[in-house]
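Working notes, beginning with the structure itself.
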Amino acid sequence: MTTEFILRIFIAGMLGGAIGLEREYRAKEAGFRTHFLVGLGSGLFMILSAHGFSDVVLTEAVRHDVSRIAAQVVSGIGFIGAGCIIFQKHAVRGLTTAAGLWVAAAIGMAAGAGMYAVATAATVMVIVCLELMNFLHHHVFPHNRKDEYDADEEEGAA
């Protein structure tokens, strides 16, 4: 069983890291290491939640709620994500980074639960979404994106 658990956290970390590689490539605040750690940690918490207390639950009288730790992971990642969001120059920044960390945690939890296909499919969907939106912003809707160069010029003119 230990080998299976190690495989689960390895996959959780790698899938989270895959999202992080895309963010790293885009020079965003949270990159490979952050997403890898969130995925791995979430996977480990999920394993701990489901299997970590089996030696404590020795009788039918003791109830074990495997969702308790998982629910706290969601809250904790929300706290980390909130730290990524900043309001700067009349614009909100970091929402995609926060959402990426949140979904990396969910993917890690899915891998930690042994749901490899679901975790992998979610990772692919996240990367496709990020890359597709980047393509659309640069090639299809470039007029909707305010370049930092333009914002710097406006600030200097004021």
Side-chain angles (χ1 to χ4, degrees), residues 1-53 65-142 144-152:
M1 198 67 174
T2 302
T3 305
E4 173 69 19
F5 292 156
I6 292 169
L7 177 65
R8 288 181 185 190
I9 61 170
F10 175 77
I11 291 172
M14 294 310 291
L15 293 175
I19 295 168
L21 282 175
E22 188 281 335
R23 305 310 291 158
E24 191 94 26
Y25 178 72
R26 302 279 173 223
K28 300 301 180 181
E29 296 82 11
F32 175 80
R33 292 181 299 180
T34 305
H35 285 79
F36 178 89
L37 292 173
V38 165
L40 183 129
S42 297
L44 184 56
F45 276 126
M46 194 66 185
I47 292 167
L48 178 63
S49 184
H51 303 282
F53 302 101
D65 182 4
V66 298
S67 67
R68 290 186 69 174
I69 292 177
Q72 296 306 312
V73 169
V74 175
S75 299
I77 293 301
F79 179 76
I80 290 173
C84 295
I85 301 169
I86 58 172
F87 183 73
Q88 176 183 2
K89 296 181 184 178
H90 303 290
V92 177
R93 298 195 186 277
L95 286 175
T96 304
T97 298
L101 292 172
W102 181 70
V103 77
I107 290 166
M109 291 170 69
M115 302 171 72
Y116 304 126
V118 171
T120 302
T123 303
V124 169
M125 286 188 249
V126 169
I127 293 170
V128 166
C129 171
L130 293 171
E131 287 298 311
L132 178 63
M133 288 312 299
N134 185 62
F135 175 81
L136 292 174
H137 278 297
H138 285 90
H139 300 294
V140 178
F141 306 116
N144 288 345
R145 194 172 140 270
K146 187 86 170 153
D147 287 330
E148 287 183 22
Y149 177 76
D150 294 340
D152 290 341

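The analysis underlying the following values was restricted to heavy atoms, covering all of them including side chains, and did not include hydrogens, waters or symmetry mates.
At a threshold of 4.5 Å between non-hydrogen side-chain atoms, the residues I69 and Q72 do not count as touching. M1 is listed as a side-chain neighbour of H51, based on a closest heavy-atom distance under 4.5 Å. K28 places none of its side-chain heavy atoms less than 4.5 Å from the side chain of R93.
To the nearest 0.5 Å, atom CD1 of residue I6 and atom CD1 of residue I47 are 9.0 Å apart. To the nearest 0.5 Å, atom CZ of residue F5 and atom CG of residue L48 are 10.0 Å apart. Residue W102 holds its CH2 atom at 13.0 Å from OG1 of T96, rounded to the nearest 0.5 Å. For the atom pair CD1 (I11) and CG (L40), the distance works out to 11.5 Å, reported to the nearest 0.5 Å. With values rounded to the nearest 0.5 angstrom, M14 atom CE is found 11.0 Å from T123 atom OG1. Note: M115 CE to I107 CD1 = 12.0 Å, rounded to the nearest 0.5 Å.
Between G114 and R8, the shortest heavy-atom contact is CA-NE, 3.7 Å. The shortest heavy-atom contact between M109 and M46 is O-CG, 3.3 Å. Of all the heavy atoms in G43 and I9, the pair that sits closest is C-CG2, 4.0 Å. Between A104 and G16, the shortest heavy-atom contact is CB-CA, 4.4 Å. Summarising the geometry of G81 relative to A98, their closest heavy-atom pair is O-CB, 3.4 Å, with the distance given to 0.1 Å. What you find for C84 and L101 is that their closest heavy atoms are SG-CD1, 3.6 Å.
Applying the side chain to side chain donor-acceptor pair (under 3.5 Å) test to every pair with at least one member in residues 29-42, sequence neighbours left out, gives these pairs: E29-T97.
Without hydrogens or angle criteria, E24 side chain to F32 main chain gives a donor-acceptor distance under 3.5 Å.
With R26 as reference, N134 is the one residue of L21, L130, N134 to meet the side-chain contact (heavy atoms from CB on, under 4.5 Å) rule.
Enclosure of atom CZ in F36 by more than 12 non-hydrogen atoms of other residues, nucleotides or ligands within 6.0 angstrom is indicated.
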